[in-house]
Asker: 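There's a structure below that I have some questions on.
If you read the sequence from its start, that first residue is 1, and numbering goes on from there.
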Amino acid sequence: MAIRLCLLLLTLMPLAVGAQPAADAPQPVRWHAVTQDLLDGQGWRETARPFDRLPARAEGVVRQPVWDLSRHSAGLSLRFTSDATRIRIRWTVTLDRLALPHMPATGVSGLDVYAKDGGAWRFVGGARPTQSPTNDAEVITGMAAVSREFLVYLPLYNGVSQLEIGVPEEAAFRFEPRASSRPLVVYGTSITQGCCASRPGMVYTAILGRRLGVPVINLGFSGNGKAEPEMARLLAELDPAVYVLDSLPNMTPEQVVERMPALIETIRAARPHTPIVLVEHLLYPNSRFRPQKAADIASSNASLRRIHDARRKAGDRFITVVSSAALLGTDGDGTVDDSHPTELGFERMADGLEPHLRRVLPREPRAR
(Lines give C-alpha, C1' and ligand atoms only; values in the text may rest on other atoms or scores of the structure.)
Protein backbone atom coordinates (compact mmCIF):
# COMPACT_ATOMS: atom_id res chain seq x y z
CA MET A 1 0.00 0.00 0.00
CA ALA A 2 2.82 2.38 0.92
CA ILE A 3 4.58 1.67 -2.40
CA ARG A 4 1.40 2.43 -4.37
CA LEU A 5 0.95 5.73 -2.48
CA CYS A 6 4.55 6.76 -3.27
CA LEU A 7 4.06 6.00 -6.95
CA LEU A 8 0.89 8.09 -6.98
CA LEU A 9 2.67 11.03 -5.35
CA LEU A 10 5.53 10.83 -7.87
CA THR A 11 3.01 10.91 -10.71
CA LEU A 12 1.38 14.07 -9.37
CA MET A 13 4.61 15.82 -8.37
CA PRO A 14 5.34 17.72 -11.66
CA LEU A 15 1.96 19.47 -11.45
CA ALA A 16 2.51 20.23 -7.78
CA VAL A 17 5.71 22.18 -8.53
CA GLY A 18 4.14 24.22 -11.34
CA ALA A 19 4.61 22.25 -14.55
CA GLN A 20 1.92 22.90 -17.16
CA PRO A 21 -0.14 20.11 -18.69
CA ALA A 22 0.62 19.34 -22.30
CA ALA A 23 -2.74 20.83 -23.32
CA ASP A 24 -1.48 24.29 -22.18
CA ALA A 25 1.67 24.19 -24.30
CA PRO A 26 2.08 27.15 -26.71
CA GLN A 27 0.35 26.65 -30.01
CA PRO A 28 2.49 26.58 -33.18
CA VAL A 29 3.25 29.84 -34.94
CA ARG A 30 3.95 30.66 -38.55
CA TRP A 31 7.27 32.45 -39.04
CA HIS A 32 7.69 35.37 -41.47
CA ALA A 33 11.27 36.27 -42.42
CA VAL A 34 12.23 39.95 -42.52
CA THR A 35 14.13 40.96 -45.65
CA GLN A 36 16.15 44.09 -46.28
CA ASP A 37 13.63 45.65 -48.64
CA LEU A 38 11.18 45.97 -45.73
CA LEU A 39 13.43 48.10 -43.54
CA ASP A 40 12.84 51.73 -42.67
CA GLY A 41 15.76 53.78 -41.35
CA GLN A 42 18.40 52.39 -43.71
CA GLY A 43 20.09 54.95 -45.92
CA TRP A 44 21.78 52.52 -48.32
CA ARG A 45 20.62 49.16 -49.64
CA GLU A 46 23.98 47.96 -50.98
CA THR A 47 25.19 46.83 -47.55
CA ALA A 48 27.53 43.99 -46.62
CA ARG A 49 24.85 42.52 -44.35
CA PRO A 50 21.09 43.11 -44.61
CA PHE A 51 20.85 44.99 -41.30
CA ASP A 52 23.95 47.24 -41.58
CA ARG A 53 23.71 51.04 -41.58
CA LEU A 54 26.50 52.04 -44.01
CA PRO A 55 27.09 50.77 -47.55
CA ALA A 56 29.61 47.98 -48.06
CA ARG A 57 31.94 50.34 -49.94
CA ALA A 58 32.38 52.40 -46.75
CA GLU A 59 34.58 49.67 -45.27
CA GLY A 60 38.17 50.88 -45.42
CA VAL A 61 36.98 54.43 -46.13
CA VAL A 62 35.57 55.34 -42.73
CA ARG A 63 37.67 54.65 -39.65
CA GLN A 64 37.42 51.08 -38.31
CA PRO A 65 35.45 52.02 -35.18
CA VAL A 66 32.87 53.81 -37.33
CA TRP A 67 32.59 50.80 -39.62
CA ASP A 68 32.20 48.41 -36.68
CA LEU A 69 29.47 50.56 -35.14
CA SER A 70 27.70 50.86 -38.49
CA ARG A 71 27.02 47.13 -38.26
CA HIS A 72 24.77 47.77 -35.24
CA SER A 73 21.12 47.97 -36.28
CA ALA A 74 20.32 51.20 -34.40
CA GLY A 75 17.30 52.98 -35.82
CA LEU A 76 16.23 50.23 -38.20
CA SER A 77 12.54 49.34 -38.07
CA LEU A 78 9.82 47.54 -39.97
CA ARG A 79 6.03 47.41 -39.98
CA PHE A 80 3.46 44.67 -40.41
CA THR A 81 -0.31 44.27 -40.15
CA SER A 82 -1.93 41.31 -38.43
CA ASP A 83 -4.93 40.23 -36.37
CA ALA A 84 -2.64 37.98 -34.31
CA THR A 85 -3.55 37.28 -30.70
CA ARG A 86 0.14 36.71 -29.85
CA ILE A 87 3.47 37.73 -31.30
CA ARG A 88 6.85 36.06 -31.09
CA ILE A 89 10.17 37.26 -32.47
CA ARG A 90 13.14 35.08 -33.37
CA TRP A 91 16.42 36.85 -34.11
CA THR A 92 20.14 36.21 -34.30
CA VAL A 93 22.62 38.80 -33.04
CA THR A 94 26.18 39.17 -34.29
CA LEU A 95 27.92 40.00 -30.99
CA ASP A 96 28.22 37.81 -27.89
CA ARG A 97 27.92 40.90 -25.67
CA LEU A 98 24.21 41.34 -24.92
CA ALA A 99 24.41 44.27 -22.48
CA LEU A 100 26.70 47.13 -21.45
CA PRO A 101 27.69 48.16 -17.92
CA HIS A 102 25.38 51.19 -18.10
CA MET A 103 22.77 49.90 -20.57
CA PRO A 104 20.51 46.83 -20.27
CA ALA A 105 20.32 43.96 -22.71
CA THR A 106 16.79 44.98 -23.69
CA GLY A 107 18.20 48.15 -25.30
CA VAL A 108 21.53 46.79 -26.48
CA SER A 109 20.29 43.56 -28.09
CA GLY A 110 16.49 43.47 -27.76
CA LEU A 111 13.61 44.56 -29.97
CA ASP A 112 10.54 46.71 -29.34
CA VAL A 113 7.03 46.30 -30.73
CA TYR A 114 4.46 49.10 -30.98
CA ALA A 115 0.92 49.04 -32.39
CA LYS A 116 -1.17 51.81 -33.96
CA ASP A 117 -4.08 52.50 -31.64
CA GLY A 118 -6.37 55.51 -31.89
CA GLY A 119 -4.03 57.13 -34.39
CA ALA A 120 -0.97 56.88 -32.13
CA TRP A 121 1.78 54.32 -31.67
CA ARG A 122 1.42 52.49 -28.35
CA PHE A 123 4.00 50.19 -26.76
CA VAL A 124 3.01 46.51 -27.00
CA GLY A 125 6.00 44.65 -25.60
CA GLY A 126 9.64 43.81 -26.04
CA ALA A 127 11.65 40.84 -27.21
CA ARG A 128 14.14 40.25 -24.39
CA PRO A 129 17.48 38.66 -25.27
CA THR A 130 18.75 35.94 -22.94
CA GLN A 131 21.52 34.30 -24.95
CA SER A 132 23.76 34.65 -27.98
CA PRO A 133 23.42 34.29 -30.85
CA THR A 134 19.75 33.25 -31.37
CA ASN A 135 16.74 34.15 -29.26
CA ASP A 136 13.06 33.23 -29.54
CA ALA A 137 10.98 35.56 -27.37
CA GLU A 138 7.28 35.86 -26.67
CA VAL A 139 6.41 39.54 -27.04
CA ILE A 140 2.72 39.44 -26.06
CA THR A 141 -0.19 37.02 -25.68
CA GLY A 142 -3.89 37.44 -25.11
CA MET A 143 -4.63 40.19 -27.63
CA ALA A 144 -8.06 40.47 -29.21
CA ALA A 145 -8.09 39.18 -32.79
CA VAL A 146 -8.34 42.66 -34.32
CA SER A 147 -6.32 43.77 -37.34
CA ARG A 148 -3.62 46.22 -36.29
CA GLU A 149 -0.51 47.79 -37.74
CA PHE A 150 2.65 47.00 -35.76
CA LEU A 151 6.04 48.71 -35.67
CA VAL A 152 9.21 46.84 -34.69
CA TYR A 153 12.49 48.50 -33.67
CA LEU A 154 15.79 46.59 -33.94
CA PRO A 155 18.64 46.50 -31.39
CA LEU A 156 20.64 49.67 -30.70
CA TYR A 157 24.10 48.27 -29.87
CA ASN A 158 24.21 44.86 -31.51
CA GLY A 159 24.03 43.63 -35.07
CA VAL A 160 21.35 41.34 -36.48
CA SER A 161 21.92 38.64 -39.07
CA GLN A 162 18.45 37.08 -39.15
CA LEU A 163 15.00 38.21 -38.00
CA GLU A 164 11.56 36.53 -38.09
CA ILE A 165 8.12 37.48 -36.81
CA GLY A 166 5.93 34.66 -35.50
CA VAL A 167 2.12 34.75 -35.29
CA PRO A 168 -0.51 32.00 -34.88
CA GLU A 169 -0.99 29.90 -37.99
CA GLU A 170 -4.58 31.06 -38.44
CA ALA A 171 -3.72 34.78 -38.15
CA ALA A 172 -3.71 37.12 -41.13
CA PHE A 173 -0.32 38.69 -41.73
CA ARG A 174 1.36 41.02 -44.19
CA PHE A 175 4.50 43.13 -44.09
CA GLU A 176 3.99 46.79 -44.88
CA PRO A 177 6.23 48.35 -47.54
CA ARG A 178 8.86 50.73 -46.28
CA ALA A 179 7.83 54.35 -45.99
CA SER A 180 7.88 56.37 -49.19
CA SER A 181 8.29 59.77 -47.52
CA ARG A 182 11.75 61.28 -47.23
CA PRO A 183 13.34 60.61 -43.83
CA LEU A 184 15.10 62.59 -41.18
CA VAL A 185 18.84 61.88 -41.18
CA VAL A 186 20.37 62.28 -37.74
CA TYR A 187 24.17 62.20 -37.49
CA GLY A 188 25.76 62.09 -34.07
CA THR A 189 27.29 60.25 -31.16
CA SER A 190 26.40 57.51 -28.67
CA ILE A 191 23.48 59.70 -27.58
CA THR A 192 22.09 59.57 -31.11
CA GLN A 193 22.80 55.85 -31.41
CA GLY A 194 20.68 55.30 -28.32
CA CYS A 195 22.88 54.95 -25.24
CA CYS A 196 21.43 54.39 -22.67
CA ALA A 197 17.80 53.68 -23.62
CA SER A 198 16.40 50.62 -21.86
CA ARG A 199 14.68 49.63 -25.12
CA PRO A 200 15.08 50.64 -28.78
CA GLY A 201 11.83 52.57 -29.06
CA MET A 202 12.89 55.10 -26.43
CA VAL A 203 15.92 56.74 -28.09
CA TYR A 204 15.06 60.31 -29.08
CA THR A 205 15.31 59.57 -32.81
CA ALA A 206 12.63 56.86 -32.50
CA ILE A 207 10.40 59.08 -30.37
CA LEU A 208 10.62 61.84 -32.98
CA GLY A 209 9.88 59.42 -35.79
CA ARG A 210 6.65 58.30 -34.12
CA ARG A 211 5.57 61.83 -33.26
CA LEU A 212 6.33 63.30 -36.67
CA GLY A 213 5.17 60.33 -38.72
CA VAL A 214 8.39 60.09 -40.74
CA PRO A 215 11.15 57.48 -41.04
CA VAL A 216 14.44 58.31 -39.33
CA ILE A 217 17.92 57.23 -40.41
CA ASN A 218 19.99 56.94 -37.24
CA LEU A 219 23.67 57.57 -38.01
CA GLY A 220 24.87 57.80 -34.45
CA PHE A 221 28.32 56.30 -33.83
CA SER A 222 29.22 55.84 -30.20
CA GLY A 223 32.33 57.91 -29.38
CA ASN A 224 32.95 58.45 -33.08
CA GLY A 225 30.63 61.18 -34.34
CA LYS A 226 33.57 63.40 -35.25
CA ALA A 227 32.34 65.12 -38.45
CA GLU A 228 35.08 63.61 -40.61
CA PRO A 229 35.23 64.34 -44.36
CA GLU A 230 34.45 60.75 -45.35
CA MET A 231 31.27 60.81 -43.26
CA ALA A 232 30.34 64.19 -44.70
CA ARG A 233 30.54 62.74 -48.21
CA LEU A 234 28.38 59.77 -47.23
CA LEU A 235 25.79 62.04 -45.61
CA ALA A 236 25.64 64.14 -48.77
CA GLU A 237 24.68 61.05 -50.80
CA LEU A 238 21.36 60.85 -48.97
CA ASP A 239 18.27 62.84 -49.89
CA PRO A 240 16.40 63.42 -46.63
CA ALA A 241 13.68 65.84 -45.69
CA VAL A 242 15.97 67.27 -42.98
CA TYR A 243 19.52 66.75 -41.73
CA VAL A 244 20.03 66.88 -37.95
CA LEU A 245 23.70 67.27 -36.98
CA ASP A 246 24.24 66.34 -33.34
CA SER A 247 27.91 65.43 -33.16
CA LEU A 248 29.44 68.02 -30.80
CA PRO A 249 29.68 65.70 -27.73
CA ASN A 250 32.37 63.66 -29.57
CA MET A 251 34.34 66.68 -30.76
CA THR A 252 36.88 68.95 -29.08
CA PRO A 253 36.27 72.71 -29.33
CA GLU A 254 39.08 72.83 -31.89
CA GLN A 255 37.47 70.11 -34.02
CA VAL A 256 34.18 72.00 -34.02
CA VAL A 257 35.93 75.00 -35.57
CA GLU A 258 37.93 72.89 -38.03
CA ARG A 259 35.35 70.32 -39.13
CA MET A 260 31.80 71.58 -38.78
CA PRO A 261 32.03 74.23 -41.53
CA ALA A 262 33.39 71.63 -43.96
CA LEU A 263 30.74 69.08 -42.97
CA ILE A 264 27.98 71.60 -43.59
CA GLU A 265 29.53 72.81 -46.85
CA THR A 266 29.82 69.25 -48.21
CA ILE A 267 26.16 68.58 -47.47
CA ARG A 268 25.07 71.95 -48.78
CA ALA A 269 26.95 71.52 -52.07
CA ALA A 270 24.92 68.39 -52.78
CA ARG A 271 21.64 69.48 -51.13
CA PRO A 272 21.37 73.30 -51.47
CA HIS A 273 17.82 73.54 -50.16
CA THR A 274 17.57 70.71 -47.64
CA PRO A 275 17.05 72.03 -44.08
CA ILE A 276 20.01 71.49 -41.75
CA VAL A 277 19.36 71.56 -38.00
CA LEU A 278 22.46 72.04 -35.86
CA VAL A 279 22.17 70.80 -32.25
CA GLU A 280 24.31 72.34 -29.54
CA HIS A 281 26.39 70.21 -27.19
CA LEU A 282 24.18 68.89 -24.38
CA LEU A 283 24.72 70.56 -21.03
CA TYR A 284 25.79 67.63 -18.88
CA PRO A 285 24.22 67.66 -15.41
CA ASN A 286 27.53 67.50 -13.55
CA SER A 287 29.27 70.20 -15.59
CA ARG A 288 28.79 72.60 -12.70
CA PHE A 289 31.36 70.51 -10.82
CA ARG A 290 33.77 70.27 -13.79
CA PRO A 291 34.87 73.79 -14.77
CA GLN A 292 37.08 72.73 -17.68
CA LYS A 293 34.36 70.54 -19.18
CA ALA A 294 31.83 73.35 -18.78
CA ALA A 295 34.22 75.74 -20.51
CA ASP A 296 34.76 73.30 -23.40
CA ILE A 297 31.02 72.85 -23.89
CA ALA A 298 30.45 76.59 -23.84
CA SER A 299 33.27 77.10 -26.35
CA SER A 300 31.92 74.43 -28.71
CA ASN A 301 28.40 75.84 -28.55
CA ALA A 302 29.61 79.39 -29.15
CA SER A 303 31.59 78.20 -32.19
CA LEU A 304 28.58 76.34 -33.56
CA ARG A 305 26.47 79.48 -33.30
CA ARG A 306 29.12 81.53 -35.07
CA ILE A 307 29.22 78.94 -37.87
CA HIS A 308 25.44 79.09 -38.12
CA ASP A 309 25.38 82.89 -38.12
CA ALA A 310 28.07 83.08 -40.81
CA ARG A 311 26.11 80.78 -43.09
CA ARG A 312 22.90 82.72 -42.55
CA LYS A 313 24.72 85.97 -43.29
CA ALA A 314 26.06 84.41 -46.49
CA GLY A 315 22.49 83.65 -47.60
CA ASP A 316 21.81 80.11 -46.37
CA ARG A 317 18.13 80.30 -45.42
CA PHE A 318 17.81 76.60 -44.71
CA ILE A 319 20.01 76.25 -41.65
CA THR A 320 19.01 76.62 -38.02
CA VAL A 321 20.50 75.91 -34.60
CA VAL A 322 18.85 74.42 -31.51
CA SER A 323 19.90 75.53 -28.06
CA SER A 324 20.72 72.69 -25.68
CA ALA A 325 19.76 74.69 -22.59
CA ALA A 326 16.64 72.63 -21.86
CA LEU A 327 17.25 69.43 -23.83
CA LEU A 328 18.10 67.41 -20.71
CA GLY A 329 16.20 69.51 -18.18
CA THR A 330 17.73 71.40 -15.29
CA ASP A 331 17.18 68.96 -12.41
CA GLY A 332 20.14 66.70 -13.18
CA ASP A 333 17.94 63.61 -13.49
CA GLY A 334 18.06 63.14 -17.26
CA THR A 335 21.11 60.88 -17.57
CA VAL A 336 22.41 57.48 -16.52
CA ASP A 337 25.92 58.82 -15.95
CA ASP A 338 27.60 62.14 -16.76
CA SER A 339 26.23 62.28 -20.30
CA HIS A 340 24.03 59.44 -21.60
CA PRO A 341 20.27 60.03 -21.33
CA THR A 342 17.73 57.93 -19.56
CA GLU A 343 14.23 57.66 -21.04
CA LEU A 344 13.46 60.89 -19.17
CA GLY A 345 16.40 62.58 -20.88
CA PHE A 346 15.47 61.22 -24.32
CA GLU A 347 11.87 62.37 -23.87
CA ARG A 348 13.12 65.85 -23.01
CA MET A 349 15.39 65.87 -26.04
CA ALA A 350 12.47 64.92 -28.27
CA ASP A 351 10.34 67.63 -26.65
CA GLY A 352 13.03 70.22 -27.36
CA LEU A 353 13.73 69.18 -30.94
CA GLU A 354 10.18 68.48 -32.12
CA PRO A 355 9.00 72.08 -32.60
CA HIS A 356 12.13 72.99 -34.59
CA LEU A 357 11.67 69.98 -36.85
CA ARG A 358 7.98 70.65 -37.39
CA ARG A 359 8.85 74.13 -38.61
CA VAL A 360 11.36 72.95 -41.21
CA LEU A 361 9.88 69.64 -42.36
CA PRO A 362 8.54 69.86 -45.92
CA ARG A 363 4.79 69.43 -46.06
CA GLU A 364 4.64 65.97 -47.62
CA PRO A 365 1.81 63.47 -47.23
CA ARG A 366 2.50 61.11 -44.36
CA ALA A 367 3.34 57.59 -45.50
CA ARG A 368 3.22 55.79 -42.15
Asker: I'd like to know if the side chain of D112 and the backbone of G126 have a donor-acceptor N/O pair within less than 3.5 Å.
Answerer: no
Asker: Does this structure show an ion pair linking R45 with D37, if we count only N-O contacts that are shorter than 4.0 Å?
Answerer: no
Asker: For R305 and H308, test the side chains for any donor-to-acceptor distance below 3.5 angstrom and give the result as yes or no.
Answerer: no
Asker: Going by ring pair (Phe, Tyr, Trp, His ring centres under 6.0 Å), Y114 matches just one of W121, F150, Y153, F80. Which one?
Answerer: Y153
Asker: Check whether any side-chain heavy atom of R311 lies under 4.5 Å from a side-chain heavy atom of R268, and answer yes or no.
Answerer: yes
Asker: Side chains of H32 and E164: do they bring a donor and an acceptor to under 3.5 Å?
Answerer: no
Asker: Strictly below 4.0 Å, N to O, side chains only: are R79 and D40 in salt-bridge contact?
Answerer: yes
Asker: Looking at side-chain heavy atoms only, is the closest gap between R86 and V167 below 4.5 Å?
Answerer: no
Asker: To the nearest 0.5 Å, what is the distance between CZ (R178) and CG (L76)?
Answerer: 12.0 Å
Asker: Count the heavy atoms of every other residue, nucleotide or ligand shown that sit under 6.0 Å from CZ of R288, and state whether that count exceeds 12.
Answerer: no
Asker: Given side-chain contact (heavy atoms from CB on, under 4.5 Å), test L357 with L208 step by step and report yes or no.
Answerer: CA-CA 9 Å; L357 293 171; L208 287 170; 3.8 Å; yes
Asker: Verify salt bridge (charged side-chain N to carboxylate O under 4.0 Å, His left out) between D333 and R348, making sure each step is shown before the conclusion.
Answerer: CA-CA 11 Å; D333 294 335; R348 288 171 173 175; over 6 Å; no
Asker: Closest approach of L238 and Y243, non-hydrogen atoms and distance?
Answerer: O-OH, 3.0 Å
Asker: If you measure from the Lys or Arg side-chain nitrogens to the Asp or Glu carboxylate oxygens, is any gap between R57 and E237 under 4.0 Å?
Answerer: yes
Asker: Output yes when a side-chain donor or acceptor of S324 lies under 3.5 Å from a complementary backbone atom of H281, and no otherwise.
Answerer: yes
Asker: Under a 3.5 Å cutoff, is there a donor and acceptor pairing between the side chains of S222 and Y157?
Answerer: yes
Asker: Please name the pair of heavy atoms, one in S247 and one in M260, separated by the smallest distance, quoted to 0.1 Å.
Answerer: OG-SD, 3.8 Å
Asker: Side chains of S109 and N158: donor-acceptor distance under 3.5 Å anywhere?
Answerer: yes
Asker: Ignoring hydrogens and geometry, is there a side-chain-to-backbone donor-acceptor pair from T252 to Q255 under 3.5 Å?
Answerer: yes
Asker: Between R148 and D83, does a salt bridge (charged side-chain N to carboxylate O under 4.0 Å, His left out) hold up when you go through it step by step?
Answerer: CA-CA 6 Å; R148 301 178 178 86; D83 60 359; over 6 Å; no
Asker: Donor-acceptor pair, distance only, cut-off 3.5 Å: does the side chain of T266 make one with the backbone of A262?
Answerer: yes
Asker: Taking atom types as modelled, is there a side-chain donor on N135 or Q131 under 3.5 Å from an acceptor on the other?
Answerer: no
Asker: Would you mind checking if R290 and D296 are paired as a salt bridge, meaning a charged N to carboxylate O distance below 4.0 Å?
Answerer: no
Asker: I'd like to know if R63 and E230 make a salt bridge, using a cut-off of under 4.0 Å between side-chain N and carboxylate O.
Answerer: no
Asker: Whether the Y204 and D246 side chains hold a donor-acceptor pair (N or O, under 3.5 Å, no angle test) is what I'd like checked.
Answerer: yes
Asker: Would E354 and R358 pass as an ion pair if we require N to O under 4.0 Å?
Answerer: yes
Asker: Taking all heavy atoms of L38 and all of E176, pick out the closest pair and write down the distance.
Answerer: CD2-O, 4.0 Å
Asker: Once you round to the nearest 0.5 Å, how far does NZ of K293 lie from CG of L283?
Answerer: 11.5 Å
Asker: Looking at every non-hydrogen atom in both residues, tell me the closest pair between A294 and S287 and how far apart they are.
Answerer: CB-O, 3.7 Å
Asker: First locate atom CZ of R88, then atom CG of D136, and finally report the distance between them rounded to the nearest 0.5 Å.
Answerer: 4.0 Å
Asker: Before giving the answer on side-chain contact (heavy atoms from CB on, under 4.5 Å), spell out for L111 and L163 the whole-Å C-alpha distance, their side-chain angles and the decisive distance to 0.1 Å.
Answerer: CA-CA 10 Å; L111 296 93; L163 174 60; 3.8 Å; yes
Asker: Measure across I217 and P183 and return the closest heavy-atom pair with its distance rounded to 0.1 Å.
Answerer: CD1-CG, 3.7 Å
Asker: Does a sphere of radius 6.0 Å around CG in D96 hold more than 12 heavy atoms from other residues, nucleotides or ligands, not counting ones at 6.0 Å or beyond?
Answerer: no
Asker: Test T92 against T134 for side chain to side chain donor-acceptor pair (under 3.5 Å), laying out the working first.
Answerer: CA-CA 4 Å; T92 300; T134 300; 2.8 Å; yes
Asker: Do I276 and V244 touch side chain to side chain, with heavy atoms closer than 4.5 Å?
Answerer: no
Asker: Would you give the length of the straight line joining atom NE2 of H102 to atom OG1 of T335, rounded to the nearest 0.5 angstrom?
Answerer: 11.0 Å
Asker: Report yes or no: is the cationic atom of R199 (NZ for Lys, CZ for Arg) under 6.0 Å from the centre of the six-membered ring of F123, at an angle within 45° of the ring normal?
Answerer: yes
Asker: Under a 4.0 Å threshold between the charged nitrogen and the carboxylate oxygen, would E347 count as salt-bridged to R211?
Answerer: yes
Asker: For the residue pair I267 and A236, what are the closest heavy atoms and their distance?
Answerer: CA-CB, 4.1 Å
